[in-house]
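All residue numbers refer to positions in the sequence shown, counting from 1.
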Amino acid sequence: MHILITGGTGLIGRALCHYWIEQGHQLTVWSRRPEQVAVLCGTRVRGVGRLEEIGDEPLDAVVNLAGAPIADRPWSKARRQLLWESRVHLTETLLAWLQASEQKPGVLLSGSAVGWYGDTGERHVDEQAAPGADFAAQLCVAWEDTAQRAEALGIRVILLRTGLVLAKDGGILKRMVTPFRFGLGGRIGNGRQWMPWIHIADQIALIDFLLQQEQARGPYNACAPQPVRNAEFASELGHAVNRPAIVPLPAFALRAGLGEMSLLLLGGQHAQPARALEAGFEFRFTHLDVALVDLLSLH
């Protein structure tokens, strides 16, 4: 297949590129820094700075993962605008280009997040649940609504609501593991908030699986079937690095320093991958302790 990827130089995009190149697919990455694509994604991956560079080459699939990191800094007015533009406006640009293309791909898989549901507290949520009302939820809703418009072009649309992706070379685990190795890790707030997580290998496998399922369309939760509370996550991570996890991060400090963005850390979702399981996808990593051992033992 010839697959176009946006966000190809990010954590998930890089892993996808390396996996799909080994599978023999032809890959094109649309990037603000196309000169870095070969270095980050592999020498056999083509980088383009403008969609028009693709020309009349037919595409089989588009995977839309672009978006500035949502948890890197507080949500100032300028940061909110950047988060919106890098997801919603970029997807609008992609849709306009697809509409003008004579040969359209069969499927668009577009990124989203379990933040679509907002902070769900103790409620179990699957893909049938209603969206939340905070900024992160509104961002995901707008992102999905924009991607969904590709259906009117005859393109099958899959919306992937991803949880916390655990990987050894980036993402939340890389940020957390250093303080935990020094014995400075612990729960966040009261530690009762749910953390829907997924191993990077399952994330890649699920994307590949859904692209090949001709009946797959609409939202899918990309998270392991066994979410954990934040306190359990901290305990398991401390155990994985042989350190106690007894230094809590107070909620008031997060709220004071991060403002509304603190909801990402103090809230959570007890999300279930109901539709992926119904479709027959099998997770390799269903328990957090096994996932952490697999990732951290490679360091």
Side-chain angles (χ1 to χ4, degrees), residues 1-69 86-87 90-91 93-98 100-112 147 150 153 155-160 162 165-171 173-174 198-214 216 220 222 281-285 294-295 298-299:
M1 291 197 298
H2 182 191
I3 306 171
L4 170 66
I5 306 174
T6 78
T9 59
L11 177 67
I12 300 171
R14 295 194 308 270
L16 269 177
C17 286
H18 292 299
Y19 177 78
W20 275 337
I21 282 295
E22 291 302 315
Q23 301 298 312
H25 297 303
Q26 177 187 352
L27 304 181
T28 299
V29 169
W30 178 30
S31 173
R32 289 180 293 109
R33 298 185 296 273
E35 70 281 355
Q36 294 187 8
V37 168
V39 176
L40 297 172
C41 303
T43 56
R44 288 181 284 172
V45 180
R46 177 190 179 192
V48 297
R50 297 182 305 111
L51 291 170
E52 290 73 19
E53 294 178 49
I54 298 174
D56 297 327
E57 296 180 45
L59 290 170
D60 297 291
V62 176
V63 176
N64 179 34
L65 303 174
S86 65
R87 287 167 173 77
L90 182 141
T91 303
T93 301
L94 178 63
L95 262 290
W97 177 76
L98 288 172
S101 300
E102 290 187 9
Q103 299 189 64
K104 295 176 174 53
V107 58
L108 165 65
L109 185 147
S110 195
S112 185
L153 305 177
I155 300 172
R156 176 167 60 94
V157 176
I158 298 167
L159 305 167
L160 200 66
T162 298
V165 179
L166 303 184
K168 66 184 179 67
D169 55 355
L173 186 59
K174 185 175 182 179
I198 186 169
H199 190 293
I200 185 69
D202 281 331
Q203 177 78 11
I204 301 311
L206 179 57
I207 292 174
D208 185 67
F209 174 84
L210 291 174
L211 284 189
Q212 298 181 49
Q213 303 296 308
E214 292 186 0
Y220 289 82
F281 180 74
E282 296 183 2
F283 288 84
R284 284 179 54 198
F285 297 93
D294 177 75
L295 292 166
L298 300 178
H299 285 260

Just distance, no hydrogens or angles: give the donor-acceptor pairs under 3.5 Å from side chains in residues 39-47, sequence neighbours left out.
residue	atom	partner	partner atom	Å
R46	NH1	E57	OE2	2.7
R46	NH2	E53	O	2.8

Legend entry - Stepwise side-chain contact (heavy atoms from CB on, under 4.5 Å) check, F285 with L166: CA-CA 11 Å; F285 297 93; L166 303 184; over 6 Å; no
Legend entry - N/O donor-acceptor pair under 3.5 Å between H25 side chain and L27 backbone: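 No, the answer is negative, given that no donor and acceptor are paired below the 3.5 Å cut-off.
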Inset, instruction - Can you sort out the partners of R50 under salt bridge (charged side-chain N to carboxylate O under 4.0 Å, His left out), two or more places apart, ordered by chain and number? - result: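 Partners of R50 under the salt bridge (charged side-chain N to carboxylate O under 4.0 Å, His left out) test: E52.
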Legend entry - Heavy-atom closest contact (A201 atom, H199 atom, distance):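 Minimum heavy-atom contact is N-ND1, 2.9 Å.
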Partners of [X] by side chain to side chain donor-acceptor pair (under 3.5 Å), sequence neighbours excluded?
X	result
Q36	R33
T162	Q203
R284	none
W20	D208

Legend entry - Residues forming a side chain to side chain contact (heavy atoms under 4.5 Å, CB included) with K174, sequence neighbours excluded: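 Partners of K174 under the side chain to side chain contact (heavy atoms under 4.5 Å, CB included) test: none.
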Inset, instruction - Output all residues satisfying side chain to side chain contact (heavy atoms under 4.5 Å, CB included) with P105, sequence neighbours left out; order by chain, then residue number. - result: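 Expected list: L59, V62, L98, I155.
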Inset, instruction - Step by step, work out the side-chain contact (heavy atoms from CB on, under 4.5 Å) result for L108 and L94. - result: CA-CA 10 Å; L108 165 65; L94 178 63; 4.3 Å; yes
Inset, instruction - Using a 4.5 Å cut-off on heavy atoms from C-beta on, say whether the side chain of L159 contacts that of S110. - result: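 Sidechains of L159 and S110: in contact.
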Inset, instruction - Taking the side chain as every heavy atom from C-beta outward, state whether L153 and L95 have any pair of such atoms under 4.5 Å apart. - result: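 With C-beta onward as the side chain, the pair touches.
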Please report the interatomic distance [atom1]([X]) to [atom2]([Y]), rounded to the nearest 0.5 Å.
X	Y	atom1	atom2	value
L16	I21	CG	CD1	11.5 Å
E214	R156	CD	CZ	7.0 Å
I158	L211	CD1	CG	5.5 Å

Donor-acceptor list for residues 2-14 side chains, cut-off 3.5 Å, not counting sequence neighbours:
residue	atom	partner	partner atom	Å
H2	ND1	P58	O	2.9
H2	NE2	T28	OG1	2.9
T6	OG1	N64	OD1	2.6
T6	OG1	L65	N	3.0
T6	OG1	A66	N	3.2
R14	NH1	T9	O	2.9

Inset, instruction - Using ring-ring contact (aromatic ring centres under 6.0 Å, His included) as the criterion, list what pairs up with F281, not counting sequence neighbours. - result: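 Expected list: F209, F283.
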Legend entry - side-chain contact (heavy atoms from CB on, under 4.5 Å) between Y19 and I207, intermediate numbers included: CA-CA 11 Å; Y19 177 78; I207 292 174; over 6 Å; no
